[in-house]
Amino acid sequence: MVQLIPPRERHSNCQIEAQINYKDLIAHPADGEYSKSAPLRILSMDIECAGRKGIFPKAEIDPVIQIANVVTRFGEEKPFVRNVFCMDTVSPIAATQLFSFDDEKEMLLKWRDFVEEVDPDVIIGYNTSNFDFPYLLDRAKHLKATKFPYWTRLKTKQSEHSSSRFSSAQLGARDTKTTNTNGRLQLDLLQLIQRDYHLRSYTLNAVCAHFLKEQKEDVHHSMITELYNGDSNSRRRLAVYCLKDAYLPQRLLDKLMCLVNYTEMARVTGVPFNFLLSRGQQVRFLSQLFRKSLEHGLLIPDVAKEGGGDDQYEGATVIEPKRGYYQMPVATLDFASLYPSIMQAHNLCYTTLLNQETVKKLNMKKDEDYIQTPNGDLFCTAKVRKGLLSQILEELLGARKRAKKDLAVETDPFKKAVLNGRQLALKVSANSVYGLTGATNGKLPCLPIASSTTSFGRQMIEKTKAEVEAKYNIANGYSHDAEVIYGDTDSVMVKFGTTDLAEAMKMGQEAADFVSGKFTKPIKLEFEKVYYPYLLINKKRYAGLYWTNPNKWDKMDTKGIETVRRDNCRLVQTVIETSLRMLLIDKDPEGAQE
DNA sequence: GGCGTCGAGCAT
DNA sequence: GATCATGCTCGACGCC
């Protein structure tokens, strides 16, 4: 059982040092205050190697032939440096400096000088962490360019790369290489996009097509060596390609507002910037917990790792679906941030967990001083002590509310999308608080919190179903008996029976408010949308037209079906998508069958 | 062909 | 030396 302990009871292996360091290290500038006087310099780069046919380049054998660089001041539209360091001669490129070399070692060293002179604060690129940086360092070592690795901001510190296996339940196992560039932040756009976006393909080409609606200069990798061995015109073509590969990450960075968002995230959670890409969700949460506990003079015990860690607990309920094709509106009611709101409403926290003994000893009164969760665990009420988790969740959800507010007034479609991504990220952060209490092999697990949270959830969804069906029926003067045809974790799908869209929406809204009133704050059931028509295939597999206003539908929504899965060929996706369109939009079941 | 197990990929 | 969770479907595969 994990509980925070007051300082005087601390034991020897507590982590007091970590707390003090965190407090000293974290600056809290006012929201949105970015330095205008000394804008960050961002270097976006890309290298090309002359590989052998069909073999992936190896630093001990294949030379680096071009290094393209684009340097931008943060906030400015256009870069102020565009150059390419090349081996051999290259025909001129507009608005671009070209540096030709005969000697590869000299080129690498001159590039190092260039980096030192530009002195970038941030270095970005595409797959730089796993390819460009290690390759350059290995190549320099092979060429005995001993001065090369000194390109960090610590003049006497060598840049080195090391490999590690990063594994996380969320992101899967990944072999990653890291390179130190002390004083210069790194942002590998490949890593970033793999983390934050759900795409079918993560090649630079596909990613740019998706976000920038722009293809990259297409040179197949087998062509690189050929172009290099040609004349100065073919090498020019290669340099243009290389330059574009350096520029596109910069464009992505700007479009997706990565730097701003990641800075915000680092500030909210209080972890160093590079942790955001190189580490998991856990450190972010722990860091926040450290901060909060310091405010309250609490220490966090260094929990000894338990051997087993395999004990599972019960999760959420999925209501048995009444499968079928519904040619009438089906309203969707959702609990907003279900698990975080449960933890807040019932004050579930490490600091509020009790056991029978304590309750007896302190003569606490049930439901006044403490509560018993459906799972049987005991927590004290907020009156006795407000939990730290509640406070952290309040902060995260507050930030999310602000993001959503900005989103509502923003008109630029792309900034809208980004703000949407941000509020989603904050939601993920808030939701991960629950996840971490249940991570038995994590740093600070607490199963009573996790299983109590899910037990409340199970109880709530059952109650919602019962309340809705008990109120909206013929006996109570409504025209039809409402029916909950499906539900998963925090949502219920209600068929009110009416065929009128506007009426279904009105009833949905009303039902959401009605049910919300039956639960403790800040738990809230929201009416979000109506599906009409609605095709319910199975648990976690359905499709429907998504309506938020009665005059026109917003989109076709499909969940769990092949159209959203990435483990099929494109043909399957298109066939099913067209069938669904016929079925839902054209309402032509005959066509769909073919 | 039915039955169980496993892993991928999704929903929440 | 790290690593948020459980529930569910479906296809692949082995077995008889």
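Reminder, nothing fancy here: chain letters follow the sequence lines and each chain counts from 1. Computation of the quantities below employed the complete heavy-atom set of this structure, encompassing side-chain atoms and omitting hydrogens, waters and symmetry-equivalent molecules. This one's a predicted model, so the numbers in the text were calculated from it and none came from an experiment.
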Using a cut-off of 4.0 Å on non-hydrogen atoms, how would the nucleic acid contact of [X] be classed: base, sugar-phosphate, or nothing?
{"X": "A/V433", "value": "nothing"}
{"X": "A/K540", "value": "base"}
{"X": "A/R565", "value": "base"}
{"X": "A/G435", "value": "base"}
{"X": "A/Y542", "value": "sugar-phosphate"}

Do the numbers put A/K555 on top of the ring of A/Y546, so that NZ or CZ is under 6.0 Å from the six-membered ring centre and no more than 45° off the axis?
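Yes, a cation-pi geometry.
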
Please confirm whether A/K540 makes a cation-pi placement over A/Y486, using NZ or CZ under 6.0 Å from the six-membered ring centre and within 45° of the ring normal.
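No, A/K540 and A/Y486 do not form such a contact.
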
Please state how far atom [atom1] in [X] lies from atom [atom2] in [N], giving the value in whole angstrom units.
{"X": "A/R458", "N": "C/dG7", "atom1": "CZ", "atom2": "C1'", "value": "12 Å"}
{"X": "A/K539", "N": "C/dG7", "atom1": "NZ", "atom2": "P", "value": "11 Å"}
{"X": "A/N568", "N": "C/dT9", "atom1": "CG", "atom2": "P", "value": "18 Å"}
{"X": "A/L444", "N": "C/dT3", "atom1": "CG", "atom2": "C1'", "value": "14 Å"}
{"X": "A/D490", "N": "C/dG7", "atom1": "CG", "atom2": "C1'", "value": "13 Å"}
{"X": "A/N441", "N": "C/dA5", "atom1": "CG", "atom2": "P", "value": "6 Å"}
{"X": "A/R566", "N": "C/dG11", "atom1": "CZ", "atom2": "P", "value": "18 Å"}
{"X": "A/L286", "N": "C/dA2", "atom1": "CG", "atom2": "P", "value": "11 Å"}

On DNA chain C, check which nucleotide each of A/I537 and A/G438 is closest to and give me the residue with the more 5' one.
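The answer here is A/G438.
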
Mind telling me whether A/Y326 and A/Y534 have parallel, tilted or perpendicular rings, with 30° and 60° as the class edges?
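If you compare the ring of A/Y534 with that of A/Y326, the planes turn out tilted.
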
Residue-phosphate contact under 4.0 Å: A/N538 side-chain N/O, C/dT9 OP1/OP2:
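Answer yes for this pair, as a side-chain N or O of A/N538 is under 4.0 Å from OP1 or OP2.
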
If you compare every side-chain N and O of A/R279 against the phosphate oxygens of C/dA2 (OP1, OP2), does one of them come in below 4.0 Å?
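False: A/R279 side-chain N/O out of range (4.0 Å or more) of C/dA2 OP1/OP2.
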
Closest to the A/Y313 side chain: C/dT6, C/dT9, C/dC8?
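In terms of side-chain proximity for A/Y313, the closest of C/dT6, C/dT9, C/dC8 is C/dT6.
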
Closest to side chain of A/Q282, choosing from C/dC10, C/dT3, C/dA5:
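Nearest nucleotide to the side chain: C/dT3.
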
With sequence neighbours left out, write down each residue that passes ring-ring contact (aromatic ring centres under 6.0 Å, His included) with A/F496, or none if nothing qualifies.
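Checked A/F496 against ring-ring contact (aromatic ring centres under 6.0 Å, His included); matches are A/Y472.
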
Start and end of chain A contact along DNA chain B [non-hydrogen atoms, under 4.0 Å]:
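Contacts span B/dA8 to B/dT12, reading 5' to 3'.
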
Centroid separation A/Y197 to A/F211 less than 6.0 Å
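Yes - the distance between ring centres of A/Y197 and A/F211 falls below the 6.0 Å cut-off.
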
Decide yes or no for A/T128 and A/I123: does some side-chain heavy atom of the first lie under 4.5 Å from some side-chain heavy atom of the second?
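SC-SC contact between A/T128 and A/I123 ruled out.
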
Steps toward ring pair (Phe, Tyr, Trp, His ring centres under 6.0 Å) verdict (A/F133, A/H161):
CA-CA 8 Å; A/F133 293 158; A/H161 68 84; over 10 Å; no

